[in-house]
Amino acid sequence: ETPMTSHRAYFRQNLDRAAVFEGGSPNGQLRHNDHFHPRHPCEQYARWREYAFTVDDYNVPLLVTTYAGQFLLSVNGVPRTLVPRWNNDSGQYIGTGQYSFCWHPEEVIDGVLKVRVGNRCIGVQGGNPRINLPSSIYSVWSGNIRVLNLPHRNTFGSVDPILASSYHVEHSFGEALVLMNTVSDHLCGSLVRDGRYHGILGNLASGEQVYYAGNI
């Protein structure tokens with residue numbers, strides 16, 4: 001657990017979510033905030049997630065393509081995971097192409113995941129999948145994915161999901177792994193401390209994969 005300290009010092013040091021839109025805006029009307037931003041991915045208590053999609057992906061285009069006999073799921077040009085099946089809750093094949101998330105993805109492994117197909121909002125079989133990106137994928141997309149080597153999973157702490165009710169149905173959000181010790185990796189020094197930590201994939205020594213979760 002995070003050690004006790006003064007409230008103000010804790011807030012300044014440990015704020016994990018940006019107080020304003022962290023990336024600014026393309027037209028320059030919203031200036032990037034250099035004071036409030038997520039913790040550096042290599043620092044102690046940085047948070048990482050094992051599931052592919054987050055609530056921030058709601059209404060964002062999802063591209064589904066085939067790759068080596070499986071299905072590659074990508075958001076904004078960045079591969080999120082590779083899955084063996086792409087079926088709806090009834091087991092029917094959904095098909096490749098571009099979709100959008102019509103419901104906030106539940107932020108736990110196998111959590112509720114729904115996409116819009118035509119004018120219907122359908123559930124995806126298996127829910128929110130684990131991150132599974134072989135090196136043959138992230139090496140090709142090296143411009144969009146940066147890779148860190150992280151310690152064994154059993155050295156991480158954890159953040160339990162929060163239950164939130166929507167339309168009288170409870171969903172879980174915010175599950176995460178917590179880095180308990182600062183890590184040293186060749187990529188760490190190249191990550192500028194400005195909160196723009198997008199597309200950072202972690203390879204755990206125990207074999208699992210995680211994406212940096214600066215939004216949690």
Side-chain angles (χ1 to χ4, degrees), residues 16-18 38-39 41 45-65 67 70-89 94 99-116 121-135 137-138 141 144-166 169-180 197-216:
D16 279 305
R17 181 184 266 281
R39 184 190 306 278
Y45 306 131
R47 296 180 180 185
W48 296 77
R49 58 181 169 84
E50 296 181 280
Y51 44 88
F53 305 106
T54 75
V55 294
D56 290 341
D57 296 319
Y58 174 64
N59 266 340
V60 174
L62 167 71
L63 181 64
V64 181
T65 57
Y67 181 92
Q70 299 191 74
F71 298 94
L72 181 62
L73 312 183
S74 304
V75 174
N76 289 330
V78 180
R80 292 290 185 85
T81 193
L82 191 66
V83 296
R85 293 173 298 279
W86 181 240
N87 299 334
N88 63 23
D89 279 339
I94 299 174
Y99 302 91
S100 64
F101 296 98
C102 54
W103 193 263
H104 298 282
E106 199 171 19
E107 292 178 329
V108 292
I109 293 171
D110 301 332
V112 174
L113 189 69
K114 294 185 177 184
V115 296
R116 188 168 302 284
C121 185
I122 65 169
V124 175
Q125 190 176 60
N128 200 344
R130 288 181 179 271
I131 296 166
N132 172 36
L133 291 174
S135 60
I137 290 178
Y138 61 73
W141 275 271
N144 293 327
I145 300 176
R146 294 169 289 180
V147 182
L148 280 173
N149 293 312
L150 298 175
H152 197 285
R153 192 184 187 284
N154 62 16
T155 66
F156 282 75
S158 62
V159 175
D160 292 332
I162 297 172
L163 282 177
S165 180
S166 179
V169 178
E170 287 192 336
H171 295 283
S172 299
F173 300 101
E175 184 177 73
L177 297 180
V178 180
L179 192 62
M180 299 307 293
Y197 307 127
H198 304 296
I200 300 178
L201 178 70
N203 284 330
L204 274 60
S206 45
E208 299 89 349
Q209 290 183 306
V210 289
Y211 258 122
Y212 174 66
N215 66 318
I216 295 175

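Start at 1 with the first residue, then count along the sequence. Basis for what follows: all heavy atoms, side chains included, without hydrogens, waters or symmetry-related copies.
Here CZ of R80 is found 11.5 Å from CG of L201. Values are rounded to the nearest 0.5 Å. For the atom pair D57 CG and N76 CG, the distance stands at 8.0 Å (nearest 0.5 Å). With rounding to the nearest 0.5 angstrom, the SG atom of C102 is 8.0 Å from the OH atom of Y58. Once rounded to the nearest 0.5 Å, the distance linking CD1 of I131 with OH of Y51 reads 9.0 Å. The structure places OH of Y212 at 10.0 Å from NE2 of H198, a figure rounded to the nearest 0.5 Å. Separating the CD atom in E175 from the CG atom in D160 is a distance of 7.5 Å, to the nearest 0.5 Å.
Considering only residues two or more places apart in sequence or on other chains, Y67 meets the side chain to side chain contact (heavy atoms under 4.5 Å, CB included) condition with L72, L82, S136, I137. Residues satisfying the side chain to side chain contact (heavy atoms under 4.5 Å, CB included) criterion with E208, sequence neighbours excluded, are E50, R153, L204, S206. Here F53 pairs with F101 under the ring-ring contact (aromatic ring centres under 6.0 Å, His included) rule; sequence neighbours left out.
Of the residues L133, T81, T54, the one that meets the side-chain contact (heavy atoms from CB on, under 4.5 Å) test with Y211 is L133.
Nearest heavy-atom pair, K114 versus G123, reported as atom, atom and distance to 0.1 Å: CG-CA, 3.9 Å. In this structure, F173 and E106 approach most closely via the heavy-atom pair CE2-CA, 4.0 Å. Shown here for P41 and L148, the closest heavy-atom pair between the two residues is CB-CD1, 4.2 Å. Residue E107 comes nearest to V55 through the heavy atom pair OE2-N, 3.1 Å, listed as atom of the first residue, atom of the second, then distance. When all heavy atoms are compared, the tightest approach of L113 to P105 is CD1-CB, 3.9 Å. Contact record, P161 with S172: CB-CB, 3.8 Å, taken as the closest heavy-atom pair.
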Checklist entry - Checking side chain to side chain contact (heavy atoms under 4.5 Å, CB included) for the pair V108/N128: CA distance, chi angles, key distance, verdict? => result CA-CA 7 Å; V108 292; N128 200 344; over 6 Å; no
Checklist entry - Could you walk me through whether N132 and V83 pass the side chain to side chain contact (heavy atoms under 4.5 Å, CB included) check? => result CA-CA 8 Å; N132 172 36; V83 296; over 6 Å; no
Item to check | Verdict with reasoning, L73 to L62, per side chain to side chain contact (heavy atoms under 4.5 Å, CB included) | outcome: CA-CA 7 Å; L73 312 183; L62 167 71; 4.0 Å; yes
Checklist entry - Passes side chain to side chain contact (heavy atoms under 4.5 Å, CB included), W86 versus Q125? Steps please. => result CA-CA 7 Å; W86 181 240; Q125 190 176 60; over 6 Å; no
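Residues I122 and D89 have side chains not in contact (no heavy-atom distance under 4.5 Å, counting atoms from C-beta outward). For the pair S74 and P79, the minimum side-chain heavy-atom distance is below 4.5 Å.
The 12-atom threshold is exceeded at CZ of R146, counting heavy atoms of other residues, nucleotides or ligands nearer than 6.0 Å.
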